[in-house]
Structure formats: C-alpha cells, structure tokens
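Here the structure comes first, spelled out in structure tokens, and everything after it is commentary.
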Protein chains: 2
Amino acid sequence: MANVYVSELRDHVGETVTVRGWLYHKRSSGKLWFLVLRDGTGLVQCVLFKGNVTAELFGQADALTQESSLIVTGKVRKDERAPGGHELDVAELAVVQIAQEYPITPKEHGTAFLMEHRHLWLRSSRQHAILKIRHEIIKACRDFFDSKGFTLVDTPIFTPAACEGTTTLFETQYFDQKAYLTQSGQLYNEATAAAFGKSYCFGPTFRAEKSKTRRHLMEFWMVEPEVCFAELPDIMQLAEDMLIFILDRVLEKRREELKVVEREVAKLERVGRPFPRISYDEALRLLQEKGSSIEWGGDFGAADETTLSETYHRPVMVHRYPTSVKAFYMQPDPIRPEVALCVDVLAPEGYGEIIGGGQRIHEESLLRQRISQHGLPEEAFRWYADLRKYGTTPHGGFGMGIERAVAWICGIEHVRETIPFPRMLYRIYP
Amino acid sequence: MANVYVSELRDHVGETVTVRGWLYHKRSSGKLWFLVLRDGTGLVQCVLFKGNVTAELFGQADALTQESSLIVTGKVRKDERAPGGHELDVAELAVVQIAQEYPITPKEHGTAFLMEHRHLWLRSSRQHAILKIRHEIIKACRDFFDSKGFTLVDTPIFTPAACEGTTTLFETQYFDQKAYLTQSGQLYNEATAAAFGKSYCFGPTFRAEKSKTRRHLMEFWMVEPEVCFAELPDIMQLAEDMLIFILDRVLEKRREELKVVEREVAKLERVGRPFPRISYDEALRLLQEKGSSIEWGGDFGAADETTLSETYHRPVMVHRYPTSVKAFYMQPDPIRPEVALCVDVLAPEGYGEIIGGGQRIHEESLLRQRISQHGLPEEAFRWYADLRKYGTTPHGGFGMGIERAVAWICGIEHVRETIPFPRMLYRIYP
C-alpha cells in the first residue's frame with residue numbers, strides 16, 4: 001500500500017493508503033474508535049469500526065497512549081467535520097510502539113517545564129505552527145534576495161576581532177590563538193558585495209549578553225544583505241520591499257498556522273506601503289510629547305521603542321540616530337555629521353526593533369579615524385580598510401533578526417518559542 | 001538614467017542606461033578606449049570614442065587603474081565578440097575612486113598571498129564563479145527539501161555535549177557552564193523529525209581537528225535531513241535523489257561558471273541513476289584486489305576512499321560498515337549486528353566522502369547500552385533517550401558537507417576555495 005503523508009490525502013480520496021504517525025488523541029463510542037493521528041504534516045481522524053476489523057485489532061486501540069507510533073492503512077474519505085478534513089476507514093493498524101506516559105498533556109504546564117521538554121514540546125500544535133511560519137519566513141527571505149540577483153555568501157563564524165565591542169563576545173581557543181563567535185556577517189559582506197555587486201549572508205550570530213528579556217537570545221539567526229553603490233534611501237526601500245514580500249508570502253501560505261497561533265491576521269493585512277520614515281529627531285519629539293524623559297543624544301530604550309512601534313500600524317523606519325550611539329562604521333550624514341546615515345526598523349504592535357542597518361563609511365581616512373577613536377585593533381581591520389582603497393563606493397545594508405521577525409508575525413510574546421532549541425541565559429539543554 | 005546591472009543588459013539593447021562597477025581591464029587604440037567593467041553580475045565592454053566625449057573625459061580613462069570604481073552611462077549594443085556579449089557606447093563616465101595599485105594582478109600569486117587577500121581575491125573570475133556555483137548548490141539543496149515537504153529547523157550551535165567524542169570540539173564559556181560548538185544537528189533533528197515527520201537543518205558545523213588536508217576546514221556548512229519511519233534503503237534513495245537534483249540544477253543554471261572554472265562538464269553529465277550501492281565487505285574485497293592492505297574492521301583511509309571513488313563514474317554508496325568504526329547511535333543490522341545500517345556516499349573522480357548517514361538506533365535499551373559503552377554522559381543525552389520512549393520509530397538521515405560537494409562539482413583541488421572565508425588550521429584572517 002502506498003505510504004502517504006496526511007498533507008497529501010486530498011489527492012487520494014477513495015483510495016486505500018497507509019499513513020504513519022503518532023496518536024494525538026482518541027475517543028470511543030462503543031462500536032467505534034476515533035483515533036486522531038498526527039504525522040507532522042497534519043492530522044487525520046482514523047475510524048475503527050468494530051464490524052470491519054478483527055476483535056483483536058479493535059481491542060488494541062484501547063491500549064494506545066498519546067504519542068504511540070502507529071502505521072494505519074485504510075480508505076480515504078473526505079469529511080469536512082473531521083479534524084484535518086479527511087477520515088481514514090481503518091482496515092489495518094500496526095502498533096510500532098505504545099508510548100510511555102507522555103509528560104506534555106492538554107493541561108497547563110509552566111514555561112520551565114516546557115523548556116526542559118522542548119524536544120517533545122515541539123510536537124504541540126502551537127509550537128509546530130510557529131516553526132512552520134519560521135520556515136516560511138526564512139524561505140521568503142532567501143527567495144526575495146535570490147530573485148533580486150543577490151549572491152548568498154556564508155560569512156565566517158570564527159572571527160579574530162569584534163565588530164561592536166568585546167564585552168558581549170563568546171570566546172574560544174582556536175589552536176594557538178583566540179577567536180570570537182561572530183555577531184554579524186556585515187564586515188565580510190562588505191567585501192563580498194564588492195565582488196558580487198550585492199550579496200547576503202544568513203546564519204547564526206551570537207551575543208553573550210547577560211540579558212533575560214523576552215527579546216534576547218544568546219544565539220539567533222540573522223539575514224544580512226549588503227549592496228554596493230547604495231545609499232540610505234535605497235537601503236530603506238530594500239528593507240520595506242523585503243518585509244512586504246515576507247508578509248505577503250506568509251499570508252498566502254500559512255493562514256492555517258496563523259489561525260493555530262491565534263494571530264489577529266487583520267493586523268498583518270493592514271501593513272502596506274509606504275512604511276513611515278521618520279528621523280531620530282522627529283521620533284524624539286514624539287516620545288517627549290508622550291512623556292518620555294529621553295534627551296537628544298540618548299539611544300532609545302525598550303520602552304521608547306515600544307511607544308514608537310505602537311504609534312503606527314506599519315513598521316516604522318527611524319533614521320539618522322546620533323553618530324555617538326551607533327557603531328564605528330556608520331557613515332555620517334554629510335550635511336549634519338553628528339547624525340549617522342542609519343536606520344532601525346521597528347515592528348508595530350510594540351514589537352520594536354527587528355532591523356538595523358544603514359550606509360557604511362566608504363572613505364579610508366575617516367574609517368581609520370573611527371577605528372582608532374573606538375580603540376579597535378587596526379591590524380585586525382586591515383583587510384576591512386583595504387576595501388576603501390581598491391574601488392570604494394557608497395554602500396550599505398541591514399540585518400534582520402529572524403526570531404524577532406517571527407515573534408512579530410506570529411504575534412507571540414517571547415522569542416524563546418520562535419526557534420527550535422533556544423539558547424538563553426543559563427539554558428543550553430536540550 | 002536607469003541604473004542597471006550587467007546581467008540585465010540584454011533587456012536594454014538600444015537604450016541608454018547607467019552601469020556601476022569596477023574596472024576589470026582596459027586597452028586603448030588611439031581614438032578609442034575599451035574599458036571592461038565588472039559589476040559583480042557580469043562584464044561589459046565600455047567603449048569611449050574620442051569623437052563622442054569631451055577631451056577631459058577621454059583623458060580620464062588614461063588614469064584609471066584596475067578596480068577603480070566607475071559609473072558609466074551609455075547606449076547598450078549587442079556584440080557577440082565583446083566580453084559579456086554587450087557593449088556600452090559611453091556618453092558619460094564618473095570616477096568614484098581611482099583605486100590604489102591592486103595587489104592581485106594577472107600574474108601568478110602563491111596561495112598564502114591569495115589567502116591573505118581573500119577579501120579581494122573573491123573578485124577574481126574563478127573565485128566568483130566557484131561561489132556562484134556554491135550559491136546554486138545551496139539553493140538546490142533547500143529547494144529539494146522544501147519541495148518534498150521537509151520542514152527547515154535551525155538546530156543549535158551551542159551544545160552541552162559531544163556527539164562524536166570531545167577531542168575535536170571547540171569549547172566556550174557559556175556563562176556558568178561549558179558549551180561546545182556543534183559538530184552536527186542530527187541528534188536535534190531526530191527530535192524535530194518526530195514533530196514534523198521529516199525535517200532538515202542547514203548550518204555551520206565545527207571540528208577542531210589538527211588536520212591540514214585539502215578536504216578539511218575547521219568551520220564548514222552541512223545540510224542534514226532526517227526522516228521518521230525511514231530505513232536504510234529510503235535514506236540511500238533520498239541521497240541519490242538530492243544529488244541528481246543538485247547536479248541537474250547546476251548544469252541548467254551555471255554552465256557559464258562551470259566553463260570559467262574549466263570543469264569537464266561531461267563528467268557531471270554522465271552521472272545518472274542508479275548510483276552503485278555496495279556493502280563495506282564488497283568494497284573491502286575491491287580494495288584488497290587493488291592491493292590495499294586494509295583488513296575487515298578497519299575504516300577506509302583517504303587513499304582507500306580515493307580508490308573506491310575512482311572506480312565508478314557516479315557517486316558510490318558504501319553501506320554496512322563495521323559497527324565498531326561508526327558513531328554510537330548507528331542502528332545495527334538485525335541480521336548481522338557487527339555491521340551498522342549506515343551509508344557513506346563517495347563522490348567520483350577521487351573526491352571521496354561527501355555524505356554520511358544511515359538509520360539511528362530507535363530502541364531505548366540498546367541506545368542506553370551504547371551511550372554507556374561509549375562513555376558518554378547519560379544526563380546530557382536524557383532528552384535524546386526520551387525520543388525512544390514516546391512513539392519511537394525507525395528513522396534515519398544523512399549529512400552532506402557543502403564544501404566537499406562544491407569541490408567535486410567545480411572539480412577543484414582544495415576545499416579552501418569553496419567558501420568565502422575559509423577557516424583553516426592557524427588561519428582566521430581575513
């Protein structure tokens with residue numbers, strides 16, 4: 001008998017097929033057993049009718065526990081009322097394993113317990129849906145950049161120097177020297193963009209920050225495009241285009257999963273172009289009007305970001321932050337060098353920053369000055385300065401943290417549910 | 001004027017457009033300057049005719065050095081003889097920067113010099129072509145698994161325990177505990193496959209091996225699918241299907257780049273189904289006939305692998321190695337428990353192993369026995385053992401090292417050219 005996945009049942013109505021999966025739940029009504037099976041691609045209700053199977057087989061159903069692994073053969077019937085939309089009239093049932101008492105039950109569990117059982121928690125419908133949406137977001141990012149002619153480059157994880165300060169770096173012994181785990185592929189991407197015109201990297205990045213907030217992980221994935229001959233407005237446009245592409249894709253392909261996570265889809269649907277673009281100065285005025293005590297020159301705190309991101313129904317692009325609060329490589333505004341040609345994109349509904357980027361310094365002498373001002377080791381940045389010697393161009397890009405984007409799009413509170421095995425302060429198990 | 005990329009010129013023949021890029025080389029014939037520009041997507045010959053431009057502009061061309069950054073506006077003309085197939089009749093030329101003397105010239109450079117200038121070496125046509133093929137291979141892997149209903153899961157980089165021994169692990173201080181950089185996402189994928197039916201991860205992996213061979217990097221990317229209810233023949237079929245899919249895609253999309261790297265394309269074209277599947281025992285006989293001194297029970301050395309992989313014109317699948325030379329989680333053959341239900345796929349032309357995989361132990365007591373025999377910390381594997389308690393099923397998968405696959409498909413000698421910034425023994429710069 002053909003093995004099929006539940007997601008393929010719609011193509012097999014009226015046929016007898018075999019489905020392999022795990023018992024999700026069961027109920028009986030005397031002459032019938034309703035076994036709901038999950039196989040990772042969907043749910044199907046398997047109906048055991050006493051009159052159709054041997055007494056032994058019918059009796060087996062009684063012993064089945066949640067998550068027992070089963071191989072079920074039966075005829076596919078369309079049934080709108082059944083969970084998943086199809087039923088299987090069971091002819092044969094083979095039990096691979098009767099599962100031990102499953103620790104995750106429909107009753108409430110605390111987060112610590114669930115995180116400790118993350119390897120099993122992933123099977124729950126909500127976690128399953130979130131990670132399906134994550135998959136779709138990642139695929140959308142890649143499809144977006146691939147379709148626009150960007151070249152994928154995998155930038156290194158081991159780096160000899162810190163991009164944005166050393167206090168938040170994970171360190172390792174790399175044979176006879178020290179190496180640090182990357183915080184961003186950007187610097188390397190500036191080299192690859194000069195080779196490919198436009199490039200992107202997409203990989204894990206690391207921050208050893210002792211912060212225990214709903215928006216921080218020690219290990220998180222980031223997609224980072226970089227474009228030569230691009231200036232700040234181009235970078236903002238690219239970010240807007242990418243986010244619209246991602247939202248369209250998720251709304252097109254993952255309606256079911258958005259329903260499972262109880263996302264208010266209308267709030268995603270109303271996100272349209274153009275995204276508001278406001279300067280840091282304008283944002284500051286807005287915050288001060290709303291009672292924030294922030295002064296010019298300060299970076300926005302989490303509360304400020306939340307306020308800004310609740311003001312609009314779309315992602316808001318805040319550009320031209322004070323140079324002093326931003327990284328060493330940021331291109332100053334030629335008209336007003338105390339602000340940088342940078343942009344943060346804040347997701348709406350209070351989600352806050354999901355993207356940071358801007359134009360990079362492309363003039364060698366200014367770059368050297370900044371490296372020295374920031375006390376960075378010149379030798380480690382020799383290759384980076386080289387890029388300004390051999391055909392430098394205005395260029396820029398951004399980085400989007402995948403877990404924060406997933407949290408926003410799924411409408412969930414904490415990033416820990418947006419990655420299969422989150423790495424948080426003091427947690428690297430499982 | 002519209003900014004276009006060289007790869008888009010074919011859609012703009014007869015139009016006046018602007019191209020931005022870097023001077024690749026130039027030559028003059030009195031009244032003409034031929035400036036070949038690269039913009040990362042291709043090459044275009046820009047023709048400056050003395051009669052068409054100002055004397056000042058014409059004179060500028062003389063000062064242009066290799067890799068100078070330029071913005072060129074002109075009319076697009078189709079010309080089969082020109083490098084890239086198009087010419088631009090230059091009307092305007094803006095010099096962004098006259099590059100300093102470029103260190104990489106058409107003359108020969110030693111590998112150490114090129115590796116030291118990897119950030120610039122990437123701009124050379126051969127390196128550019130290799131990384132374009134790498135991009136295509138990675139995209140093909142993802143498209144293959146996505147189209148087959150696999151869910152992408154990003155398995156963690158920080159792990160508390162070693163999968164295959166601790167001697168080759170990079171270690172880091174993770175707040176109050178030790179963490180190791182992952183060598184494989186497989187164990188985690190066994191959990192996600194039980195949640196999604198079939199899943200794959202694709203990320204960087206790390207081996208702190210003090211080996212300096214043409215096939216080793218400290219940091220390399222691996223794609224790893226895992227499938228529930230799958231047995232060894234299914235895994236071998238999946239590997240064959242994936243490799244055929246990748247080859248077809250590269251042959252379809254990257255002919256130009258294969259030409260640049262001087263790949264003998266016929267050798268890729270003759271790779272068809274089915275791949276030979278031979279047992280370790282058969283492979284051993286073959287090696288002994290060819291004069292190898294290897295005895296039953298020994299793992300194949302690099303020379304043995306080369307011999308095997310030169311015997312066939314297709315990838316060869318060697319299955320059922322002695323259990324003793326393989327990892328703790330390998331399912332023993334029920335008929336002959338001294339061999340494991342595993343497979344290595346060796347690429348032809350002497351390239352050797354590119355894939356390793358097989359069936360995993362799905363019975364809890366046997367797994368516990370192996371964990372203990374291998375002296376592994378039971379506590380760290382508690383969650384892994386859990387997977388055998390709650391609806392265990394036969395399952396398996398494989399891992400393919402991207403850099404080795406790229407080396408084979410490009411026909412290049414050393415994996416160091418298959419990744420933008422290779423991490424080798426003692427080298428983490430640039």
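Just so we're on the same page: letters track the sequence lines, and every chain starts at 1.
Taking OG of A:Ser69 as the start and NE2 of B:His362 as the end, the distance is 9.0 Å to the nearest 0.5 Å. Atoms OG1 and CZ, from B:Thr192 and A:Arg123 in turn, are 10.5 Å apart once rounded to the nearest 0.5 Å.
A donor-acceptor contact shorter than 3.5 Å links the side chain of B:Tyr429 to the backbone of A:Trp383. A:His135 contributes a side-chain N or O that, together with a main-chain N or O of B:Leu152, makes up a donor-acceptor pair within less than 3.5 Å. Between the side chain of B:Trp22 and the backbone N or O of A:Gly391 there is at least one donor-acceptor pair closer than 3.5 Å.
Of the atoms belonging to A:Ile71, it is side-chain heavy atoms, and not backbone ones, that fall under 4.5 Å from chain B. Only the backbone of A:Glu379 comes within contact range of chain B, with heavy atoms under 4.5 Å apart. For A:Ile138, the part lying near chain B is the side chain, with the backbone staying farther off; criterion is any non-hydrogen pair under 4.5 Å. Looking at A:Pro204, only its side chain comes within 4.5 Å of chain B, counting heavy atoms on both sides. Heavy atoms of A:Tyr5 lying under 4.5 Å from chain B belong exclusively to its side chain. For A:Glu363, no part lies under 4.5 angstrom from a heavy atom of chain B. In this structure, the portion of A:Gln173 lying under 4.5 Å from any heavy atom of chain B is its backbone and not its side chain. Neither the backbone nor the side chain of A:Phe220 comes within less than 4.5 Å of any heavy atom in chain B. Heavy atoms closer than 4.5 Å to chain B are found in the side chain of A:Gln177, but not in its backbone. Neither the backbone nor the side chain of A:Leu23 comes within contact range of chain B; no heavy atoms are under 4.5 Å apart. Only the side chain of A:Asp143 comes within contact range of chain B, with at least one heavy atom under 4.5 Å from a heavy atom of that chain. Using a 4.5 Å cut-off between heavy atoms, A:Ile157 contacts chain B through both its backbone and its side chain. Interface residue B:Leu181: only side-chain heavy atoms are found under 4.5 Å from chain A. Within the 4.5 angstrom heavy-atom criterion, no atom of A:Pro422 approaches chain B. When heavy atoms are compared at a cutoff of 4.5 Å, A:Asp154 approaches chain B by way of both its backbone and its side chain. Contact of B:Ile419 with chain A is made through the side chain alone, with heavy-atom distances under 4.5 Å.
Here the shortest heavy-atom pairing between B:Glu219 and A:Pro156 reads OE2-CA, 3.2 Å. The two residues B:Arg423 and A:Thr159 make their nearest non-hydrogen contact at NH2-CA, 4.5 Å. For B:Val96 against A:Thr393, the heavy-atom pair with the smallest separation is CG1-CA, 4.3 Å. Across B:Gln97 and A:Lys389, no two heavy atoms sit closer than the pair OE1-O, 3.6 Å. Of all the heavy atoms in A:Gly203 and B:Trp221, the pair that sits closest is CA-CH2, 4.1 Å. Listed here is the closest heavy atom pair of A:Lys139 and B:Asp146: CD-OD2, 3.3 Å.
In terms of heavy-atom pairs under 4.5 angstrom with chain A, the leader among B:Phe421, B:Tyr426, B:Phe229 is B:Phe229. Between chain B and the options A:Glu190, A:Glu101, A:Gln66, the largest number of non-hydrogen pairs under 4.5 Å is found for A:Glu101. Chosen from A:Leu425, A:Thr172, A:Ile428, A:Leu70, the residue pairing most often with chain B at heavy-atom distances under 4.5 Å is A:Ile428. In terms of heavy-atom pairs under 4.5 Å with chain B, the best-connected choice from A:Ala195, A:Ala99, A:Ser124, A:Pro420 is A:Ala195. Heavy-atom pairs under 4.5 Å with chain A were tallied for B:Ser68, B:Ala193, B:Ala194, B:Ala179; the largest tally goes to B:Ala194. The choice from A:Trp121, A:Tyr384, A:Phe196 that makes the most heavy-atom pairs within less than 4.5 Å of chain B is A:Phe196. When A:Glu171, A:Arg142, A:Glu67 are compared by the number of non-hydrogen pairs under 4.5 Å with chain B, A:Arg142 comes out ahead. The choice from A:Gly197, A:Ser7, A:Gly42 that makes the most heavy-atom pairs within less than 4.5 Å of chain B is A:Gly197. Each of B:Lys198, B:Arg118, B:Lys210 has some count of heavy-atom pairs under 4.5 Å with chain A, and the biggest count is that of B:Lys198.
Across B:Arg134, B:Lys132, B:Glu136, a single residue satisfies side chain to side chain contact (heavy atoms under 4.5 Å, CB included) together with A:Thr151, and that is B:Lys132.
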>> Please determine whether side chain to side chain contact (heavy atoms under 4.5 Å, CB included) holds for the pair B:Met218 and A:Phe175, giving the CA-CA distance in whole Å, both sets of side-chain angles, and the decisive distance to 0.1 Å.
In response: CA-CA 10 Å; B:Met218 304 307 141; A:Phe175 305 103; 3.5 Å; yes

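Ion pairing between a basic and an acidic side chain is recognised when a charged N comes within 4.0 Å of a carboxylate O; A:Arg382 and B:Glu116 show such pairing.
Scored by the ring pair (Phe, Tyr, Trp, His ring centres under 6.0 Å) test, B:Phe158 finds A:Phe170, A:Phe206, B:Tyr174 as partners (sequence neighbours excluded).
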